[in-house]
Q: 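Below are the structure tokens for one structure; questions will follow.
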Amino acid sequence: MTDQAQTACDTDPMEADVTAVIEACGGDPRTAIKALLVEQEILEQRIARLASALSFGYVRGKTGADRPAPVRP
């Protein structure tokens, strides 16, 4: 790692994560991007499965944006 890249990693934790992902993919940024896109797709599918498994009766057919704020006495 160059001194400039090391300095960026020291000041921004996300830079360290980016560097780690690229290094885990053999230094190839295209492979790193592909791996991240695959991971994102997996997470989106998991969210969809969890959302569909949520009891309709529990949420009464409403999404979080549709729910009125609770009234407190």
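Source: prediction; values computed, not measured.
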Q: How long is the span from the CD1 atom in I22 to the CG atom in D17, to the nearest 0.5 Å?
A: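 One gets 11.0 Å once the value is rounded to the nearest 0.5 Å.
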Q: Restricting to non-hydrogen atoms, name the atom on C25 and the atom on A32 that form the minimum distance, rounded to 0.1 Å.
A: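 Shortest heavy-atom separation between C25 and A32 comes out as SG-CA, 3.5 Å.
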Q: Working to the nearest 0.5 Å, report the span between CD1 of I42 and CZ of R46.
A: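 I42 atom CD1 to R46 atom CZ measures 10.5 Å (nearest 0.5 Å).
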Q: Could you grab the distance from atom CZ of R49 to atom CD of E44, nearest 0.5 Å is fine?
A: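 Answer for the CZ-CD pair, R49 versus E44, is 12.0 Å.
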Q: To the nearest 0.5 Å, tell me how far K34 NZ sits from D28 CG.
A: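 Reported to 0.5 Å precision, the distance equals 8.5 Å.
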